[in-house]
Peer 1: 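Here's a structure for you.
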Amino acid sequence: MNLKKNLSGYALIASAALALVGLVFYIVTSTTGYLANTEVNALPIVFSLLAILLSCVGFILGGKLNGWVNTAIILVVSALVVASLVGFVDARVDVVADVFFIPVNFPASEGVAANASIVGAVFYVLSVIALAVSGFASDRIKDGK
Amino acid sequence: MSKAKNVFRGLSVLSIFLLASSITAANLMEVYADPLDALLGTQSHTTVVETPEDGELTWTYLSQFKTAKEAYEGYKDFAIREAQETIALLKNDNAALPLAKTAKITMLGLRSYAACYGNNGGSTPDTQSIERNKGETSGNRIFETFARAGFQINPSMLSAYEKYCSALTWAPASFGSSSPSYKELNVTNDIAELSLSELKELNPSYDKEYNDYSDAAIVVVGRPGGESYNYVTGGQDTTSGNIMGLSSEEKEIIAEAKKNFDKVIVLINSSCVMEIPELKNDKDIDAVLWVGFPGSYGFNAVADVLNGTVSPSAHLGDTFVANHSAEPAMQSFGNIPWTNASDFEKKDNVNGYLVEAEGIYQGYRYYETRYADIVTGNGNAATASAGTYTNADGSLGTSNGTWTYDNEVVYPFGYGLSYTSFEQKLESVVISGDKKTATVTVSVKNTGDVAGKSVVQVYAQTPYTEYDRANGVEKSAIQLIDYEKTKLLSKNETQEITMKISLANLASYDYRNAKTYIVDPGDYYIAIGDDSHDALNNVLAAQGYTTENGMTADGDEDKTYKWTWTGDVDKDTFSVSKAGVSITNALSDGDYSMDLNTFMPGTVTYMSRSDWNGTFPKSYEGLSAEGRLAKLLKNDFIDVKTSDDTSDIKWGVDNGMTLSELKGADYDDPRWEKLLEQTTITEFLDFAKSAFHNIAAIPSVGMQQMGADDGPGGSDSHYFQEGTYQGEAYADAEEYAGFGTRVAPSPTNLAYSFNKELAYENGEIIIGETSLIMNLPIIIGPGGNLHRNGYNGRGGEYYSEDPILSGYTGSAVVQGAQSKGCLVNVKHAAFNDQEINRSGVAVFMNEQKARELELRNLAQLFEANGKPASFEKDESKADTYTQGAFGVMTSYNRIGAVASSANYGMMVQILRDEWGFKGYNVTDFTGVAPKAAPKESILFGTTAFCGFGVSVDYWTEDFFRNDREMSLAIKEDLHYILYSMVNSNAYNSSGNVVRVELPTIWRTGYKVAIGVSAAIMAIGVAGYVVFEILDKKKEAK
């Protein structure tokens, strides 16, 4: 195993962890409570899993990969996480608008779905921030060759 | 590795996020542009009218306002004129009113500073119009209007309230606008009032100027109201124990006024019915004035009444009872949950239910009928069990006792005094040969000293027969059948009014035997009276009864007319609707029944005058929904077929037609078929899901996207800076920025005017002109639900407890609005009787109640009934009342077990068939969600779903395409949409109307964000590539 034990690597794997939390919120809010039994947009799930997988690859093999590949991994993971976030937001905008535009008309379960979705989206945003940190940080391997 | 390379790579990552976020935000902002405009006060679209090729631009509907100034002043003038007629004088001992124009007054009560101007939510009055008048320094708050009218107001007392309110939150956000109220006072579980000790803390010398401002003490008591406002009985420190009674703090303030002033006047500032026997019975209180919710400018009108500029002419449209706890219609009210509600999924939206076991005995129909039965000795009416009657002091009887009219009713329906007096004579009554109409002529003479308007109220009594007793048909001892208001009559002036009255409104609905409307053989009475009780007393007098029989006062039999219906029970005369459709049970059997006994046989006992005490309603708590009822509550009860032959139903055909070609065409014009062939199911689904403040485009027929807004008192989120005159923006628009159209008194106030012409003008200006000048073809209003009781916090958005007063007021508003081309959405069909559990509550009643109250009321709006007598003689009004309401909004509550929009009996059998409704039918803020039963609703004529988004998994063309009935229903729904749109001001001009984007701060913002993000991305990627190559070269060296 060749772990990429530098700031870039840690930020990359942190982004994967944050995206995973965001994904859990997406799946849970899609399949339980107010939105149970509604159609689930699968793209955020697929994109998130790909992003997490690729992040892990980058973290594990990062030390062996050249700069172009490392950068490509960070950019592709970024695109996948952002696409997941967009899909998540798109799937929740009606619920959030319902809750916050006319604040007295919604059932409590819809409020829970809206608030939980906002929390999930925030984790995706944090994942993007971690990716930005990974992007700004050096690829040089300090340890663990 | 260079740091520069990392910086550019990091920027690239950030730019991906920023660009994607910007584009996503841009899309969302454009989709929700109208709500966003409402939230931010921006204007993102306007409409431009292109001159047609022939160069001649013609218009179907013309606005009366050519400039923003004209509009602002026109709305203001009307709002004050309307308010002047909506104030009811309930008590005026020793001619306490009017006051001198420069009277020195002391205003007491928190509401004398923090008045209720209107509903908080549901056409909240325009805040800016209250805060300031254009070109003046003062606004229209209650104390400002009184001062401007000439009254000199005690500043010490006022300052105490001012200090208290300065710490509160003024104008909180409410449904796309702001509410001109103090947020902390908008509570429904407590009575907002200050005690004397609290006043002393605020201003130790609050009482120091009593002697200097002693012409009168004006005490204001009030209760807020509005959309989602919930009131319940019990739990309060009032005589009745209820929140509509006077609290100890309010009584303390009134006592302070009585102690220090010779003249005490109380203003009732509430659209809910307050319990005020103390005010009526207290000899030290000189005058009581009901002002309701008078609107943005309304206290100018209150001042006009107080100082005698205007003689009050309003009459109560609700029965003012002493204690609502003893009212049959309050026994099943509030939060009554299904015991197994938690067994349902959240999406099923199953919460509670109402069992309206009072039947037709709602409002005065109960109080007057029970009183009549005491006088005539029917039904053991005087006997009352504990908890079902009111004591003399207004408290609830807690042991078995005696029911007494005077203890129950403070002021009857129709009651209202004037500064002058009138003499009304029933000149003649002629019953038509077909027995369907009565022509009633009444003369009114002003016998007093000042000019005033009088209301002619015509009531009727029908016989209560053995057939009725045997078949559960209930009869009210008195019911309003028509009304008119005189012109302003000078001293000694007389006016004669002739009214052509439909006797269909006398027929009783027999849901058990005849299953249609019936007329019993027996004696019928028509009577005029000053109010419902007076009219009943006149009938009782004609029947030979006097005060010796227990009447509260002797009646005048000369004000009655009697005729006899002979033969058997008539099941034919009123069994066919105005549209020519046979009327039979729609809500008594099967899945769409409103009678809980259909699902739980023997559960409900409906109130009957044959045994008042034994059938007094109860709450019916503790019921569990099982079996078919449980299935229906899930609102998913019709399966869509997948293999029908639908090949003959044509979609997406290019016939080269546009919707504008069918302007003015009949609904049955054969060209509609060709036009509808051009549409697609997907177009319908896209249109139907996008109905929140929006009319989505239907491109295949050339129908563009347009705006819509919530009412009923004007536009919720558009202001005069957006105004146009026949397609041209107001030149002076910006000068009137922020002033809005929601300025008139509440709908309840309007009804209390008993003035059909005024209601027509309200519709014409407040809804119609707003629609026209703001380019909003759809306004969601008027509100047309009946007041089941005085505790619906949203009652101010509706008219009255009586179906004729409510129905004819609403009908006049509809006619006025439609005269300007507005596609009204009458809301909420039907039975929105409370706001508690309003989304999902299952409303049950028998079909007699449904038909004779709420539906008789709504029918007037959809059948264009109630034409004013003055219009009958006016050639310019010949074209009015020829078309009923073109649109409807269904209710949040269920009708029986199913969503209102999915109740076939209501939506198809009654609305579409019996009433001949061919218009637009939208749900109330449900979105395309399971709670709205979307597929069932489409099948039964729903054309759109107000709200945000789709949360069912079948909203696709493929799902509906292979079900023949569903496909045909969608085709018909499209027909309804297009027919109502092309006959509205959406198609006002001969030119092409184009919706164009305007620059807004948010639109500019997202464009800049997209541009900057893209630039960062380009720089980031390019920079990274350059430095990566340089790095590689460096490493290679």
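Labels below follow one simple rule: chain letters A, B, ... track the order of the sequence lines, proteins then strands, and each chain is numbered from 1.
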Peer 1: Name every donor-acceptor pair, under 3.5 Å, that has one atom in a side chain of residues 41-50 of chain A and the other anywhere in the protein, sequence neighbours excluded.
Peer 2:
residue, atom, partner, partner atom, Å
A:N41, OD1, A:L43, N, 3.1
A:S48, OG, A:P44, O, 2.7
A:S48, OG, A:S84, OG, 3.0
A:S48, OG, A:Y124, OH, 2.6

Peer 1: If we define contacts as heavy-atom pairs under 4.5 Å, which of B:L11, B:V13, B:V1025 has the most with chain A?
Peer 2: B:V13

Peer 1: Does any heavy atom of chain B fall under 4.5 Å from the side chain of A:L85, the backbone, both, or neither of them?
Peer 2: side chain

Peer 1: If you measure from the Lys or Arg side-chain nitrogens to the Asp or Glu carboxylate oxygens, is any gap between B:E227 and B:R838 under 4.0 Å?
Peer 2: yes

Peer 1: If I measure from the heavy atoms of chain B, does A:V89 come under 4.5 Å with its side chain, its backbone, both, or neither?
Peer 2: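 A:V89 touches chain B through side-chain heavy atoms alone.
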
Peer 1: Taking atom types as modelled, find out whether B:S179 and B:S181 have a side-chain donor-acceptor pair closer than 3.5 angstrom.
Peer 2: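 B:S179 vs B:S181: donor-acceptor pair found between side chains.
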
Peer 1: Would you confirm whether B:D709, through its side chain, and B:S717, through its main-chain N or O, come within 3.5 Å as a donor-acceptor pair?
Peer 2: yes

Peer 1: Checking B:I16 against chain A: side chain, backbone, both or neither under 4.5 Å from a heavy atom?
Peer 2: both

Peer 1: With a 4.5 angstrom heavy-atom cut-off, could you sort out which part of B:T24 is near chain A: side chain, backbone, both or neither?
Peer 2: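 The side chain, not the backbone.
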
Peer 1: Can you list everything that forms a side-chain contact (heavy atoms from CB on, under 4.5 Å) with A:T29? Sequence neighbours excluded, please.
Peer 2: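 With sequence neighbours excluded, A:T29 shows a side-chain contact (heavy atoms from CB on, under 4.5 Å) to A:F88, A:R92, A:A116, A:S117, given in chain and number order.
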
Peer 1: Counting only heavy atoms closer than 4.5 Å, note whether B:V1021 contacts chain A via side chain, backbone, both or neither.
Peer 2: neither

Peer 1: Quick check: do A:L61 and A:V69 have side-chain heavy atoms less than 4.5 Å from each other?
Peer 2: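 With C-beta onward as the side chain, the pair stays apart.
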
Peer 1: Side chain, backbone, both or neither: which part of B:F8 has a non-hydrogen atom closer than 4.5 Å to chain A?
Peer 2: neither

